[in-house]
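In each ligand, atom 1 is the first atom listed, and ligand 1 is the first ligand listed.
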Amino acid sequence: MSATDQHQPAEPDQETLRAQEAMHDRISSDSLTTRRDYLRIVATVSGGLAVGGVAVAAGALHRHGDGVAEPKRIAGRIPAGQSVAFRYPGEEDRAVAIRMADGTLVGYSAICTHLACAVLWRSGRGAEGELHCPCHEGVFDARTGEVTAGPPPRGLPKVVLVERADGSVWAIGTARSGESAEEGLCRQRSGRDSGPAGRPGCPGAASPGPAEAERGERT
Ligand code: FES
């Protein structure tokens, strides 16, 4: 046998060729499936994120203050410059009450209007403190709830607070972004009462507004 004969590769027989073709087909079909699955997963996740983002931006998801808001005692007392975290009107609705340095009491939803991160009170920032969202550096004015920096598209919804003679602080209703406390209380009362006659101070009625009426009820 010559050296050339020793290194000549043997010709594959028909059975080996069929086995190689079957293996090739299987690998091709596996990679097609994998690619298809991958594309489907990417499309599903991207679609979900896009729908979720649009829904949050449009306020289509659960909105703070949706539903009936019943009065709720949230603190025995809130000293100047301090805040209290609470849930209102529902157990999923995070909120914050703040006593400003001049004694003014304000309350807001603590859920950022950008992508729903938790908003935190920072008493040492600026002249009056600020409400800060750490997710994308959103900032809200502590006195009005309006956006002062960052990507949030609108101000924080309000929680309407009253203080009773014993110093306790009560949440009595909510107002959506851009709505005044009066408008928010009237909207909620119109959902509970039969008509303008049951909504003192609201459009169509002549008696004192709900906030005044609540203040008159202080004990
Ligand atoms: Fe608050 Fe983006 S979630 S700034």
>> So, using salt bridge (charged side-chain N to carboxylate O under 4.0 Å, His left out) as the criterion, who are the partners of Arg143 when residues are at least two apart?
In response: Asp102, Glu128
>> Counting neighbours of CZ on Arg122 that are heavy atoms of other residues, nucleotides or ligands and sit closer than 6.0 Å, is the number greater than 12?
In response: yes
> Is the backbone of Pro79 close enough, under 3.5 Å, to the side chain of Gln82 for a donor and an acceptor to pair up by distance?
Replying inline: no
> Is it true that Cys135 and Cys117 have SG atoms closer together than 2.5 Å?
Replying inline: yes
> Can you list the protein N, O or S atoms less than 2.8 Å from atom 1 (Fe) of ligand 1?
Replying inline: Cys112 SG, Cys133 SG
>> Rounded at 0.5 Å granularity, tell me how far CD in Glu163 sits from CZ in Arg99.
In response: 4.0 Å
>> If you compare all heavy atoms of Tyr88 against all heavy atoms of Val159, which two are closest, and at what distance to 0.1 Å?
In response: CD2-CG1, 3.7 Å
